[in-house]
Amino acid sequence: MGKSDIGPPDFRKMLPPVIKKNYGKWKYHEIIKPGVLKHVSETGDEVWTVRAGSPRLVSVDFIRDLCDVADKYCDGHLRFTSRYNIELMTPEKENVEPLIEAVNKLGLPVGGTGKSISNIVHTQGWAHCHSAATDSSGLVKAIMDELYPYFTSMNLPARVRVALACCINMCGAVHCSDIAIVGIHTKPPKVDNSKLSAMCEIPTTMAACPTGAIRKSPDPNVKGLVVNDEKCMYCGNCFTVCPAMPLADAEGDGVAIYVGGKVSNARSAPMFSRLAIPYLPNNPPRWPEAVSAIKNIVEVYAKNARQEERMGEWIERIGWETFFKLTGIEFTEHHIDDFTHAVETYRTTTQFRW
Ligand code: SF4
Ligand code: SF4
């Protein structure tokens, strides 16, 4: 394959030798204990994997420490999963315990396999993105500190995937996780017309609004824009093209909690997560309201769901009314999807219907 500067390098170049040798020949795998997997090939080869949780924002020193562990036990190979777990893979069974010791020494927990809560996939948050309505790393740290025992054990009815997106652009793919935390703005953008004409292109900004809420100022003396508060859904599209329309608001910004999404096509079709709690305030540094709401949902699910039942499957079986009753979450008018295009999302499935 020719060399290209577009996209990531070919993954095959980076496979550990034992994986390359047995590509397409893996027969089965088992979970030996929380965080340790064993894959067996038709050729008789084995691969042992130690999975550890990691923060998403890491330093160069941290990565060097990880590479030292990989050099020592894994022939210089390591991989990050899409939920920021670190997987250290070795063909040698006797490397497993030293590997666990080495990652524990770095302060990392081993777990996140099977019926556990794996690491939380999340977006940039206040550290980086301009349209964040909540933080990512800070909130995720507060949640995982509380849910930590579910990472290092496998006592839940099924796996629970948690995701966080710090605005409704949702680059964290929260629509398909068992529990999803979404940052939301609740106030329209504040238009700064003194900067707008210098910073933004007026027609592009108006065209960026999906609900047509942005109009030219009706005041002939003001060169700029106005927002119709009634039509605004606080999506932040306008701010992306026009920095003179910031949405961030210390009082109004907060999080919504969605539940019941999954990617898996096993037993039932993949599911989109649905709204459980419309709004909880941002309360840094530990977000106690959001953390206790999520813990409550996990505990009620753990107590009531059947074995192998994912969060969404459990809710579908008992009914949403019972879900609200069991969790003590209030049902409000915000739970009713009355968006213009809602009808397209009422029923969605990857499976055929006749
Ligand atoms: S979810 Fe929104 S605010 Fe967060 S990183 Fe993505 S685009 Fe930025
Ligand atoms: S936040 Fe969204 S809906 Fe509101 S004015 Fe901007 S683009 Fe329109």
Side-chain angles (χ1 to χ4, degrees), residues 55-58 82-84 119-143 161-177 179-193 195-197 199-218 222 224-258 261 272-273 275 279-280 282 284 287 290 334 337-342:
R56 188 191 147 181
L57 300 179
V58 297
S82 54
R83 283 181 194 263
Y84 326 137
N119 224 353
I120 299 183
V121 62
H122 68 85
T123 51
Q124 333 296 341
W126 290 332
H128 176 62
C129 193
H130 68 277
S131 55
T134 190
D135 193 24
S136 296
S137 310
L139 180 47
V140 159
K141 166 79 174 127
I143 296 167
R161 295 292 180 251
V162 186
L164 182 144
C166 43
C167 89
I168 54 169
N169 281 332
M170 275 206 347
C171 48
V174 291
H175 58 290
C176 55
S177 289
I179 299 180
I181 305 121
V182 186
I184 49 166
H185 300 285
T186 60
K187 294 183 185 174
K190 304 168 194 88
V191 186
D192 185 349
N193 278 323
K195 293 192 184 128
L196 195 133
S197 54
M199 295 172 91
C200 316
E201 211 182 49
I202 286 185
T204 320
T205 308
M206 287 169 65
C209 180
T211 63
I214 307 174
R215 287 282 171 267
K216 275 191 175 171
S217 169
V222 177
L225 298 169
V226 288
V227 172
N228 179 346
D229 291 7
E230 290 285 299
K231 280 189 166 181
C232 179
M233 59 175 181
Y234 329 124
C235 68
N237 243 20
C238 51
F239 182 53
T240 301
V241 297
C242 176
M245 299 181 71
L247 253 97
D249 185 276
E251 297 292 314
D253 292 353
V255 296
I257 313 285
Y258 283 68
F272 281 130
S273 49
L275 183 66
Y279 181 80
L280 290 167
N282 272 336
W287 279 268
H334 299 296
D337 187 354
D338 59 354
F339 184 56
T340 323
H341 302 300

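Index from 1, following the sequence. Below, each value reflects all heavy atoms present in this structure, side chains not excepted, and no hydrogens, waters or symmetry copies. Source: prediction; values computed, not measured. Whatever order the structure lists them in is the order used to number ligands and atoms, beginning at 1.
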Would you say that more than 12 heavy atoms from the other residues, nucleotides or ligands in this model lie under 6.0 Å from the [atom1] of [X], or not?
X	atom1	value
Tyr234	OH	yes
Lys216	NZ	no
His128	NE2	no

Roughly how far, to the nearest 0.5 Å, is the [atom2] atom of [Y] from the [atom1] atom of [X]?
X	Y	atom1	atom2	answer
Asn119	Arg83	CG	CZ	9.0 Å
Asp253	Thr134	CG	OG1	8.0 Å
Gln124	His130	CD	NE2	11.0 Å
Cys238	Met206	SG	CE	12.0 Å

> Side chains of Pro218 and Val226: closer than 4.5 Å at any heavy-atom pair?
Replying inline: yes
>> Using 30° and 60° as the class boundaries, would you call the ring planes of Tyr84 and His122 parallel, tilted or perpendicular?
In response: perpendicular
>> What count do you get for protein N, O or S atoms closer to atom 8 (Fe) of ligand 2 than 2.8 Å?
In response: 1
> What is the number of protein N, O or S atoms that sit under 2.8 Å away from atom 2 (Fe) of ligand 1?
Replying inline: 1
